[in-house]
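Data block below; observations after.
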There are 2 protein chains.
Amino acid sequence: MNKEQSHQEAVKIYKALGEPTRLHIVKLLCKHDELSCSQIEEQLNYKGSTLSHHLKQLVECGVLRLARKEGTYHFYRVNQDTLDRHVVLQPD
Amino acid sequence: MNKEQSHQEAVKIYKALGEPTRLHIVKLLCKHDELSCSQIEEQLNYKGSTLSHHLKQLVECGVLRLARKEGTYHFYRVNQDTLDRHVVLQPD
DNA sequence: TTTATAATTCTACATTTATCGATATACTAA
DNA sequence: TTAGTATATCGATAAATGTAGAATTATAAA
C-alpha cells in the first residue's frame, strides 16, 4: 500500500469516527463484545435504517466487522487492531 | 467536563482529521515544527483562502495552535498533547 | 404457507461543507 | 502615505451526507 492509499484509509477512519452517532456505536461496541443492530437501537435513539447506514460505513472502513449471524440477528464486533492503529479512544 | 462534552470534543477532532486536506496539513506540521499559511500553500495545491478555512477549524478543535506572528506571517504548530490524547498518526 | 421480526436497501430531503474568487484587514517597507 | 504582501473573512455554489419512512430481503415460528 502506497502513501496516498494509507492516507485515504486514515481519512476514512477519522471521517467515520467524526460523527456523533457512529462514535457512539463504536464506544458501545468497545464495551459489549458484540451487538446486533436492534440491540444498538435499544441503547441509542435512532431508527434501524439509520443505524444500518452507519454500521455499513463502519464496516467499510474496517473499524467494525460483521462477526456472526444467528437467525435474523447480525452481530457486529470492533476490529480492535484497526482501531489501535489509528485512534486512542477515551473511555466514557 | 462531562461525558457528552468530551464525546463532542472527540467528534470534532476526528471530523477535522477526516478530511484529506486537513490531514495533510497536520501531517506536514508534524514534520516541520512550525509553518505559515503561505508555506503550506507552497507544499499543498490549495488556495490560501481554503487553507485559512481549514487552519481555523484545526485550531478550533485544538489540534493546531497559532504559535507565533512575525510581521504578516502567522506560524502554526501542532498541539502534540491533544493529538496524542486522541489519535495515532501513521508516518508517511 | 402465512405471519412476524431483523436487517438492509431505496428514496427523498434538509443540512453541512469544501472550494475559491472577491473583499477586507494587518503589517512592513519605501 | 502609498504600495505590496500575508491572512482572514465573506459570499456563492456544487457536492456530500445524516436521517427516517417505505419497500425489500432473509430467517424463524406457527
Side-chain angles (χ1 to χ4, degrees), chain A residues 4 7-29 32-61 63-78, chain B residues 4 7-29 32-61 63-78:
Chain A
E4 184 55 26
H7 183 80
Q8 290 180 343
E9 191 177 86
V11 165
K12 271 196 176 182
I13 290 172
Y14 293 134
K15 179 176 292 187
L17 299 176
E19 200 283 325
T21 310
R22 285 193 293 266
L23 189 57
H24 265 134
I25 293 172
V26 173
K27 283 184 179 176
L28 202 58
L29 269 163
H32 282 88
D33 206 60
E34 66 175 18
L35 289 173
S36 67
C37 189
S38 53
Q39 286 177 316
I40 297 171
E41 201 176 355
E42 291 169 12
Q43 307 242 3
L44 307 182
N45 198 22
Y46 289 99
K47 300 297 178 183
S49 60
T50 300
L51 294 176
S52 217
H53 168 71
H54 288 310
L55 288 168
K56 186 179 181 182
Q57 292 184 61
L58 287 166
V59 168
E60 276 176 0
C61 72
V63 169
L64 302 186
R65 71 177 184 281
L66 176 52
R68 190 167 68 87
K69 295 185 183 181
E70 185 180 335
T72 60
Y73 292 91
H74 294 193
F75 291 98
Y76 290 89
R77 283 175 180 262
V78 167
Chain B
E4 184 54 28
H7 183 80
Q8 290 179 344
E9 191 178 85
V11 165
K12 270 196 178 181
I13 291 172
Y14 293 134
K15 181 176 289 189
L17 299 176
E19 201 283 326
T21 309
R22 285 193 293 265
L23 188 57
H24 264 134
I25 293 173
V26 173
K27 283 184 179 176
L28 203 58
L29 269 163
H32 283 88
D33 206 60
E34 66 174 20
L35 290 172
S36 68
C37 189
S38 53
Q39 287 177 315
I40 297 171
E41 201 175 356
E42 291 169 11
Q43 305 241 5
L44 306 182
N45 199 23
Y46 288 98
K47 300 298 176 181
S49 60
T50 299
L51 294 177
S52 218
H53 167 72
H54 287 310
L55 288 167
K56 186 180 182 183
Q57 293 184 61
L58 287 166
V59 168
E60 275 174 1
C61 72
V63 169
L64 302 185
R65 69 178 185 279
L66 176 53
R68 190 167 68 87
K69 296 185 181 182
E70 184 180 333
T72 59
Y73 293 90
H74 294 192
F75 291 96
Y76 291 89
R77 283 176 181 260
V78 167

Five-pair end axes of the helix from C:dT1-D:dA30 to C:dA30-D:dT1 and the angle they enclose, rounded to 10°: 20°
Integer-rounded Å distance: C:dC20 P and B:Leu44 CG: 12 Å
Rounded distance [0.5 Å steps], CG in A:Leu44 versus OG1 in A:Thr50: 11.5 Å
Whole-Å distance separating the CD atom of A:Glu42 from the P atom of C:dT5: 14 Å
Qualifying salt bridge (Lys or Arg N to Asp or Glu O under 4.0 Å) pairs with a residue from residues 38-53 of chain B, counting only residues at least two apart or across chains: none
Whole-Å distance separating the CG atom of B:Leu35 from the P atom of D:dA6: 15 Å
Results of side-chain contact (heavy atoms from CB on, under 4.5 Å) for A:Ser52 - residues two or more places apart only: none
Nucleotide C:dA6, atom C1' - distance to CZ of A:Arg68 in whole Å: 14 Å
Short side-chain N/O contact to D:dA20 OP1/OP2 from A:Tyr46, under 4.0 Å: no
Salt bridge (Lys or Arg N to Asp or Glu O under 4.0 Å): pairs with one or both residues in residues 14-23 of chain B, sequence neighbours excluded: none
Qualifying residues under side-chain hydrogen bond (donor to acceptor under 3.5 Å, both in side chains), relative to A:His74, sequence neighbours excluded: none
Atom-pair distance (NZ on A:Lys69; C1' on C:dA6), nearest Å: 12 Å
side-chain contact (heavy atoms from CB on, under 4.5 Å) involving A:Cys37 - partner list, sequence neighbours excluded: A:Leu51, A:Leu55
Contact list for DNA chain D against residues 20-29 of chain A - heavy-atom distance below 4.0 Å: A:Thr21, A:Arg22
Pick out the pairs of N or O atoms, protein on one side and nucleotides 7-9 of chain C on the other, that lie under 3.5 Å.
residue: C:dA7; atom: OP1; partner: A:Ser36; partner atom: OG; Å: 3.4
residue: C:dA7; atom: OP1; partner: A:Cys37; partner atom: N; Å: 3.3
residue: C:dA7; atom: OP1; partner: A:His74; partner atom: N; Å: 3.4
residue: C:dA7; atom: OP2; partner: A:Ser38; partner atom: N; Å: 2.6
residue: C:dA7; atom: OP2; partner: A:Ser38; partner atom: OG; Å: 2.8
residue: C:dA7; atom: O3'; partner: A:His74; partner atom: ND1; Å: 3.2
residue: C:dT8; atom: OP1; partner: A:Tyr76; partner atom: OH; Å: 2.2
residue: C:dT8; atom: OP2; partner: A:Ser52; partner atom: OG; Å: 2.5
residue: C:dT8; atom: O5'; partner: A:Ser52; partner atom: OG; Å: 3.1

Sequence-distant partners of B:Lys12, side-chain contact (heavy atoms from CB on, under 4.5 Å), two or more places apart: B:Cys61
Rounded distance (Å) that lies between atom P of C:dT5 and atom NZ of A:Lys47: 16 Å
Rounded interatomic separation in angstrom, taking CD from A:Glu60 and C1' from D:dA16: 15 Å
Partners meeting side-chain hydrogen bond (donor to acceptor under 3.5 Å, both in side chains) with B:His24 (sequence neighbours left out): none
Sugar-phosphate, base or nothing in reach of B:Glu70, heavy atoms under 4.0 Å: nothing
Nearest-Å distance for atom pair NZ/C1', residues B:Lys15 and C:dT15: 11 Å
Contacts of type side-chain contact (heavy atoms from CB on, under 4.5 Å), residue B:Gln8, not counting sequence neighbours: B:Glu4
Side chain to side chain donor-acceptor pair (under 3.5 Å) evaluation trace for A:Ser36 with A:Tyr76: CA-CA 6 Å; A:Ser36 67; A:Tyr76 290 89; over 6 Å; no
Pairs satisfying salt bridge (Lys or Arg N to Asp or Glu O under 4.0 Å), at least one member in residues 65-78 of chain A, at least two apart: A:Asp33-A:Arg77, A:Glu34-A:Arg68, A:Glu34-A:Arg77, A:Arg68-A:Glu70
